[in-house]
Every structure is written in structure tokens, then in C-alpha cells.
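In what follows, a single structure is set out as C-alpha cells and then discussed.
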Amino acid sequence: MSNPTQNNHEAAYMSLTKGLRELDLRGPYVPSDLLLIGDHAFPLAMNSKGQVLMAASLYGSGRIVVLGHEGYLSAFPALVENALIWLRGDGSGNPSVAVHQNVRTVSDNLSRSSFQAEVVGGFSSNLEAGVYVTDAYSVGADPKDLVAFMKAGGGVLMAGQAWSWAADHPMENTLHYFDGNKVSGVAGIYFSKNPGEVEHLPVYPQIPSSWMAVVVGKDFEDDLQFLLHGVSELAIPNGSLASEVLVHGPLAFPIATAGGGPAFLAGSYYGQGRVIVAGHEGVLSAEANASFWKNALHWLDEGRRGVVGVALNNGVNIATNSGLKMEKTGFKKDLSVFVCPSSPKEDWEEIQNFVAEGGGLLIGGHAWYWAQSHGGKNPLTDFKGNMILNQMGLSLLKSTINAGSYKVPDPSQAMKDTYHFRHLLHRFAKHVTVEEELSKEEEDFLKKLGSDCATYLTMNAHDSCHYAQLVATLTDILKRSGLPQVSEDCPVKSPKDHLLLNVGTEIYKVCPDPDALLPYLIRDNPLLPVVRNHRVKLDVNTAGGEEWVSTGLYLSPGMKTFVAIPAEIVNKGWQIQIGCQTDRLNAAELKRPPCVHQRFPVTSEMTQVWNLWGGLIYLVAPPNTQAEGLEVVVQMAVPAPYYKSGVTTETDWSLLRMAPSPWAELEFDNIILTVPSEAIRQLEHPDELAAHWNDIMKAIADLAAKPHKFPRKERFVADVQISHGWMHAGYPIMAHKASAAGLVSVKNAKTEGIWGAIHELGHNQQRGCWEFPSHTTECTCNLWSVYVHEVVFGIKRDKAHPAMKDSDRKKRIQDYVKGGRNLSSWSVWVALETYMQLQEKFGWEAFKKVFAAYHKMDNFPKDNKGKMNLYAETFSQTVGMNLTGFFKAWGWPIEQATEGKLSSLPAWTDHPMV
């Protein structure tokens, strides 16, 4: 790995432009526009069109500076001297510079400097010099020697242009075959065939960037023609789920996509080599793709007719059928093409250099399974394959594409018809800055562009020039367009606003100056009164999974604070969370941004936290963690209305309920309610509400045959919009804002009932061993709704929910019997009747005993049939009566063996289904 000081591009830029105020390029020279790829190349001079006319990069242990015209070697002597000092790099003080005879003016200019210039006829590997200066046309018969010199620590200064060569070689690929590119391209700088526009340029204080900088460096028509020759469709075989490939580099291109959108097969140029990535290894072995792979291996081999090394079983056939020599092997430098899985065992840097120096690479495999099994890790930065691919302008994502056969694009139209992340972003920037209209197809892809930008930004590759360019572009777009101020009264529907919301959240996390951007993102952000150095006690025992610890504090949008953490819990998996609404939204109409919470790992005793959207502050304790008597100090935050049973007095509450935070929390013995503060401003007696919820939670535990103290308090969050349904279970249970009033009113619960809330708490009590999905998923949770309404609220079942009216119940049973007692229609309310008939005969005690019996069992059947037989047996044994006739009357698949086991018990013959 090159050392970190070498990777500091801003510092390199400062030393390369030291003492320079301006670069007047308006002389007689027409330079080449330089194309940059990879993480190490950065521009030194960029014109107002975003064209790069001078650039620098690193390769291996060495460095390179490229000027877009050889005339610049004599026109800018101060820049050349800076370049030579930087290229010498190691501080060894080797003063000798070898200068190719074609640019001998450099040696004349150096006669008064500390450098000793030696004019040479060409590069040779026994040169003593630390730096070599040449034009782009004289790299010699074997440019590999010069690449090896640079890789080993040498410095190269190269100048020239490629537009005249390109005009003389119209059928050849300039990026690949122009002499200078055989050296500079390895380090990620290419002379392109486009002439650069000359201007009088200021020298900027930091690396220049522009949204107009090269978007797509090539049209790829010739590549696609070669690759797709004789191919009309490409397949992801049945049983395979492919990872989507994000195509983000200027020399990367999609090859096969689902309907013109997400790609599962893509290619790229990298240095002097080429790469193809497939989002699943099955794409390699699919019979339907055979002729494509023949083309692909020849495209990667580039006519060398070398050896294809295969480290991936699925690649053996395609390599054998390609007509090239095949060898089953790990990575070796003398291969022509290497075929490997998406998480190769080999050193990724060696593979990368192999491609940069001209090798072909084929990667097959997905990242979605890795992402699922490595929660908390970022597939873009932590997944091995992406460490190689990111630099090449491609990344495997956790999002997936289903099996199927997909039409290939027409090579001549591909860049117009197919979604290309960078190309569409450029078009969108143009749309915002110069108000150029987008096409209907482009508009349709804006939502996808938003989520791709958000994904790309998680790369945090701040030292990559491309990443910095993209961050600068998106920051610029947001400053020009502002962020839609989304709310319940002002929902967001347009694809453009979706994109901006998605990107605004992520760009705020990664941009260099978030404070300057904040006013463009949040317009109405009043200063709220704060408390300082607020202490929060930690008494945690997380037997029941991860747990949020409330602090009673809130951060305004964009507000930063420090949290002092006790040393005992640093680097132990704890996190700080800002925001109570952890639902991610994926809706056509948004009443709030898609993701409004943020988490920070606790990795030091002082952690700074913030969130663009603000939110309540929590400590998140990992599962199986004990922490007693510890204290956390929050430096500065806004107080929230926060009531905690047994801690907050009524006097405290009379002041606290008016605290300025827009979110309030009520923490009782077994449940925590998080609601908009307006819902509790009038709540004068929280102790009455606490007693009410304690009764509810005890009843829930009683029916489940569990201890009254929950291993983890349940949580409710009432939000303006949630990810699905009117409410949904989980930790926390999510509910719509309109439910908040019912949650915090004893009177409301006892007169109107809160069926939905108890239904969700019932979901959290369901167990797979006595659940028969999908029949009972929305049914057995209602046992708790009926029980709590009757036992705690005194509301009879026929009044607790409209669907529980006697007449409705009778009709459902009649319809079910008429329909042939078919299990396919035994679900929700129909299925609930089965349990209600059992309850009406045997009472709630029978259910409690059945649930208790299940607590003592282990080793359950996995299938519904087995589980239904076990339930029939368990219920029968519990009540001392053979219920198989009853369950069979409901259409349950009761086996003879079950009937045999229960035959000694008296049968229930007068059941309601007779």
C-alpha cells in the first residue's frame, strides 16, 4: 500500500502549484483534454468547461505529472521546477534528472537550478536519475520499463497532446494505443483525442473541480459491438439473484441491464487493462451467455492470445471454450486474463496493478449475501471485491436483480438508451444550472439516480479526485436548487425532489463544509434553548437484544454536540443514535425525508454527533450487555419533554412537558412512548397514564405466560409517515402520528379502545412454533387485542372492533363452510374464529397454559402441517379433551398419528363447527 503521506492529494497540489498565481495558456499551443480515473489522479489545471489540461498521479511508489502539451515544458519553467521537486519525492535529494533529447529545452532551463540535467536518447533501466522527463511521443519500444521505473519510486514528467495522433489514426483507440497513454494511463491519466480550450487560468487554492469535468470518457460503441457480436439477450439463470453493478467511473460502461436500468454485467478500462464484472457467478455458466463470454475473453485478452487463469469454478467452461489457453490457478503476474470470484483471496493491490499494466480481469459474484451477513459493515468499502472494483469505476451493490433473460442494447444507441449514473448526473446538473430540459426517460431514472448517489457517497473516498468532484457537483446542485422543505402539508412527489432529498441527507454527512450548506437544506431552523453538560445514568442489562437508552435530549437539525463516554463501553459495540424514526421510506409521495436517523459508533471517550434532520439522542446498547452505575455527559442539547416512571415527579413534569423539543418521550415500567410533543402538552397526570400502561403490559405478559418484567421495554414511535401499513410491529413499533392521541389518553383507551396498538404488541409476542404463516400472521396477534380490551378496558369483543360484531362473525363462518372449509381462505378474521371458539369454550386460562407448555418445549416442526398437529395435540392435552374433530372441521391437516395419541381423551363432539 502506498503510504498515507503519499496519498494526500491536497498537499501534493499545494507543492506543485507553490508560488504560482496564474497559468496563461492562451499561447500558440492547443493541448489535449486529459481524462482522469482511479483514486490517485488529480487535476492541476482545469478550464471553465471542466477540461483538465495538467494533472498528476501516483503509481506504486512513484509519481507522475502530465502536461497537455509539450510546449508547456518551456512555457512554465516555475511549474516544471515544482514538478521535479515533487517527483523526486522521497527526500533523498538525488539531484539528477534525465531529459529526453526531444525536450532538451528543459535541461537548458535547469542550468541555474539545483538539478543536474542529463540529456538522453531514450529511457533505459540503468539510468541513475530519480526523475525522467519526456514528451508523450517518445516512450520507446517498451513502455513497460518506464512503468517499472515509476512503480519502483521514480518520477515521470510527460507532456504532449493526442488530438493530432487521433486524427491520423481514426480507427484506433486513443486511450489504449497512443504512446504516452501506455505510461500515463497506468497511473490513471489519459491524453484524450479532444483538444482542450485555452484560457488565462487562476491557480486555485485547492484542487479545482467542476460539474462539467469529464463525465463519460468514451462512447464504448466499438467495445459493445465487439462484446455483443451475435448476442441478442443475456441471462441471469434461474435460482440466481444477481447483485446490481453500480457503473460510476468515466471509463466504465453497462453491458447488460434489467430494462435499461440497473446493470448486472458491466465493463471498464483501467490503466492499460480492461475489466468485466458480472453480478453473479451463475451469469458465467449460463448456457445462454456462451457466445458473449467467447467475445468477452477475447476483449479482455486484447489479441495477446495469452493464458486465462481461472480461480472460479464457473469460469472453467467459458475459458476452455474461448479458444485461449486455460489454466486453473490463483493469481500470477504472467497471465493475460484472470477470472476470479467477487471476493478474491489474493492481494487486491497486486490484481489492480496487473490490470493497470495491461492485464484483463473478469470478476463474477455478488455482494448482497455478504452485506446481509455483515450487518453494520459497508459493502462499498469493506467488501473485498469492491476494494478492487471501486477504483475501476464499478461497484457491486447489496441491491439485487432477479433471474431472467434481458435484451442487450443496440451498441450505437447504448449510451443514450441505458441508464449511466455519471451521464445522468451530468444531465441533471445541467438541468439545475442552465435549466436544460430532461427527457421523459431521464426523468424516470431520477429516483434511481438519487439512491445511487446516496450509495456512492457512502464510499467516503475523500482522497479520490472523482469522489471529491462528485461531492462538489452535488453540493453545487443543492446550493442552486435548495432542498424541498418536505412536510405533511408540503409532500414531495416529483422524481427531482425525491433525488434532492435523498442526496441532501448524504451530502451533508460527507461534504467538507456542512455548516455552510445547512441554510440551503433547512430553511426554518429556529434556535432553541439548550442545557449544558447534561448527565445521563446508564443502568443496562440487554437480555432482550439491542436496546435504545433515552437521554431526554434533542438535537436541532444540523446542531453538533459532543458526548463524553465512560471508557468501559468504548469499542464495545455501543452506538449513539440521533432520531427516533428508524423507518426508511420508499413511497411515491413523501411527507418526510426517506431516512432521518443517524448512528455513530462509540470508538472514543469523546464522540461528536449530529444529524441533518435533528432528533432525539439515544445510546444504543448492544445485545447481551451489562452496564451499571455509568454516566454519559452530553455537552449541549435541547431538553425534551421526558417522563420516566419512578424518577420524574409531577412537579418536574409540570415544567418538562413544555420543554422546546418537538419530540416527547414517556417511559413506563415496560413500554416507552415517543410522540410529537403537541400530543402531551396538556397531559397533567402522567402517573395515571403510567398505571394504565402498566396494566396493559401486565395483561400482555399474562396471556403470553411470561413474567411481568419484560426483558426489554417495548417502544412505540408515532411518525408523520411510516414504511408500511397503518402501524407495524418491531422495535420500535411504528405508528402514524394520528395514533399518538390515543396512546397518551387513558379515557380514550377505555371508551374507544386502542385495538391497533395492542394488535402490534401482540405481533411482538407471536412465536414461530405456534404460528402458521401466512394464515395466522395477522390473526393470532388479535388474541391480545381481544384479551386486553375485555380484561383491562372492560370493552366486550363485539364492541372492541367493527369486524368482531356477532352478525359478521356468524357470516364469516357460514361463508367458510359453504366454500368447502378450504385452508387457503383460513386467515385473518376467519382464522381468528377458530381461536375465539376455543376461548369461548375453554376460557383464557387454557390459552395461558398452552403458551406456557410451548415455553417448556424445544425441537419444533418447521412446516405448517407439523406445527398444526403439534398445536392440536398441545391444546387437547391442556384441556383434557380430544379436539381433533374440531380442528378437522376447520380444515386443518390433522394426521392419524395425532388422533391416535389423543384417542384416550374424551372427544369434543358438540363443537360449534358440527
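Numbering of residues begins at 1 and proceeds along the displayed sequence. Computed from a predicted model, the values in this text were never measured in an experiment.
In this structure, the separation between NE2 on His366 and OG1 on Thr400 is 10.5 Å, given to the nearest 0.5 Å. Here Leu397 contributes atom CG and Asp452 contributes atom CG; the two are 6.5 Å apart, rounded to the nearest 0.5 Å. With rounding to the nearest 0.5 Å, the separation of OH in Tyr406 from OG1 in Thr257 is 9.5 Å. Atoms CG and CD1, from Leu619 and Ile569 in turn, are 6.0 Å apart once rounded to the nearest 0.5 Å. The structure places SG of Cys580 at 7.0 Å from CH2 of Trp548, a figure rounded to the nearest 0.5 Å. One finds the CG atom of Leu478 at 11.0 Å from the OG1 atom of Thr473 (value rounded to the nearest 0.5 Å).
Counting non-hydrogen atoms of neighbouring residues, nucleotides and ligands closer than 6.0 angstrom, the NZ atom of Lys398 reaches no more than 12 such neighbours. For Met636, the CE atom sits in a packed shell: over 12 heavy atoms of surrounding residues, nucleotides or ligands are nearer than 6.0 Å.
For the pair Asp382 (side chain) and Lys377 (backbone), a donor-acceptor distance under 3.5 Å is absent. Judged by distance alone, with hydrogens and angles left aside, the side-chain atoms of Tyr520 form no donor-acceptor pair with the main-chain N or O of Arg480 at under 3.5 Å. At least one donor-acceptor pair under 3.5 Å links the side chain of Ser464 to the backbone N or O of Tyr467. Between the side chain of Asp583 and the main chain of Ser723, a donor-acceptor pair closer than 3.5 Å is present. Between the side chain of His420 and the backbone N or O of Pro254 there is no donor-acceptor pair closer than 3.5 Å. Proximity of a side-chain donor or acceptor of Asn378 to a complementary backbone N or O of Thr458 within less than 3.5 Å is detected. Side-chain atoms of Ser268 come within 3.5 Å of backbone atoms of Met392 as a donor-acceptor pair (strictly under, hydrogens ignored). A donor-acceptor pair under 3.5 Å is absent between the side-chain atoms of Thr607 and the main chain of Val563, judged by distance alone. Arg422 places a side-chain N or O within 3.5 Å of a backbone atom of His248 that can act as its donor or acceptor partner. Lys509 places no side-chain N or O within 3.5 Å of a backbone atom of Leu612 that could act as its donor or acceptor partner.
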### Query
Going through the checks in order, is the side-chain contact (heavy atoms from CB on, under 4.5 Å) test met by Ile236 and Asn402?
CA-CA 7 Å; Ile236 301 170; Asn402 293 328; over 6 Å; no

### Query
Run the side-chain hydrogen bond (donor to acceptor under 3.5 Å, both in side chains) check on Ser550 and Arg715 step by step: do they pass?
CA-CA 11 Å; Ser550 300; Arg715 276 185 177 275; 2.9 Å; yes

### Message
Checking Leu449 against Phe421 for the side-chain contact (heavy atoms from CB on, under 4.5 Å) test, could you report, in this order, the C-alpha distance in whole Å, the side-chain angles of both residues, the deciding distance, and whether it holds?
### Response
CA-CA 6 Å; Leu449 177 65; Phe421 166 69; 3.7 Å; yes

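With salt bridges taken as basic N to acidic carboxylate O contacts below 4.0 Å, one links Arg427 and Glu436. Look at Glu442 and Lys430 and you find no salt bridge, because none of the NZ, NE, NH1 or NH2 atoms lies under 4.0 Å from a carboxylate O.
Using a 4.5 Å cut-off on side-chain heavy atoms (C-beta onward), Asp513 and Leu517 make no contact. Counting only heavy atoms from C-beta outward, the side chains of Pro43 and Ile207 approach each other to under 4.5 Å. Using a 4.5 Å heavy-atom threshold, the side chains of Ser395 and Leu389 count as separate. With a 4.5 Å cut-off on side-chain heavy atoms, Met559 and Val638 count as touching.
Shown here are the ring-ring contact (aromatic ring centres under 6.0 Å, His included) partners of Phe42, two or more places apart in sequence or in another chain: His9. Residues satisfying the salt bridge (charged side-chain N to carboxylate O under 4.0 Å, His left out) test with Asp515, not counting sequence neighbours, are Lys560.
Applying ring-ring contact (aromatic ring centres under 6.0 Å, His included) to Phe338 and the options Trp348, Phe331, Phe354 leaves one that passes, Phe331.
Side chains of Ser399 and Glu244: a donor-acceptor N/O pair is present below 3.5 angstrom, by distance only. Judged by distance alone, the side chains of Trp613 and Thr505 do bring a donor and an acceptor atom under 3.5 Å apart.
Taking the six-membered ring where the residue is Trp, the centroids of Tyr190 and Tyr269 are separated by 6.0 Å or more.
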